[in-house]
Asks: 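Structure in structure tokens, see below.
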Amino acid sequence: MHKWVMVSLFVIASVLGIAITFTTVGQHEVVEEVEEEGTLVFKAENWKFDKEEYTVELGETLELSLRNVKGVHQLQIEGLDIELLPGEEPVKVNFDEAGTYTIICSLPCGEGHETMASTLIVQ
Ligand SMILES: [Cu+2]
């Protein structure tokens, strides 16, 4: 009788242990990325930017930087003379002219390079 209780407890404990192990492995910690005030981080991957449209306020000053999530890219904002290279110090920009600007990748990065683009709206 006691033996059965012990065996049952052992089995239950094992199943629980395995279950907990798998649950823990499955729960990848999601690190929420909080965008710091006064900064704008463009994230690039193959072959797009993280947003189709970035909006900034007219008159706003922001520190711009580029982060390559996947692949190697450079970012250029046409008409604003801004070029961002990965791993570089953020570039401080005052957006004093309203408009819609095209963001492109300025580094030949592979098959999707030609269509890798986004839009920056200053309003
Ligand atoms: Cu490219």
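Each ligand, and each atom within it, is numbered from 1 in the order the structure gives. Only heavy atoms go into these numbers, but all of them, side chains included; no hydrogens, no water, no symmetry mates.
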Asks: Tell me which one of Asp81, Leu64, Ile77 satisfies side-chain contact (heavy atoms from CB on, under 4.5 Å) with Val93.
Replies: Leu64
Asks: Specify the closest pair of heavy atoms between Leu85 and Leu66, including all atoms of both residues, with the distance to one decimal.
Replies: C-CD2, 4.2 Å
Asks: Rounded at 0.5 Å granularity, tell me how far CZ in Phe42 sits from CG in Asp50.
Replies: 8.5 Å
Asks: Could you pull out every donor-acceptor pair under 3.5 Å between side chains of residues 105-117 and any protein atom, sequence neighbours left out?
Replies:
unit_1 : atom_1 : unit_2 : atom_2 : d
Ser106 : OG     : Gln74  : NE2    : 3.3
Ser106 : OG     : Glu83  : OE2    : 2.5
His113 : ND1    : Leu107 : O      : 3.0
Thr115 : OG1    : Gly112 : O      : 3.2

Asks: What distance separates Glu78 CD from Leu120 CG, expressed to the nearest 0.5 Å?
Replies: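 The CG atom of Leu120 is 12.0 Å from CD of Glu78, to the nearest 0.5 Å.
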Asks: What protein N/O/S atoms are found closer than 2.8 Å to the Cu ion (ligand 1)?
Replies: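 Hits for the Cu ion (ligand 1) below 2.8 Å: Cys105 SG, Leu107 O, Cys109 SG, His113 ND1.
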Asks: Find out whether Asn68 and Glu45 are in side-chain contact, i.e. whether some heavy atom of one side chain is under 4.5 Å from a heavy atom of the other.
Replies: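 SC-SC contact between Asn68 and Glu45 ruled out.
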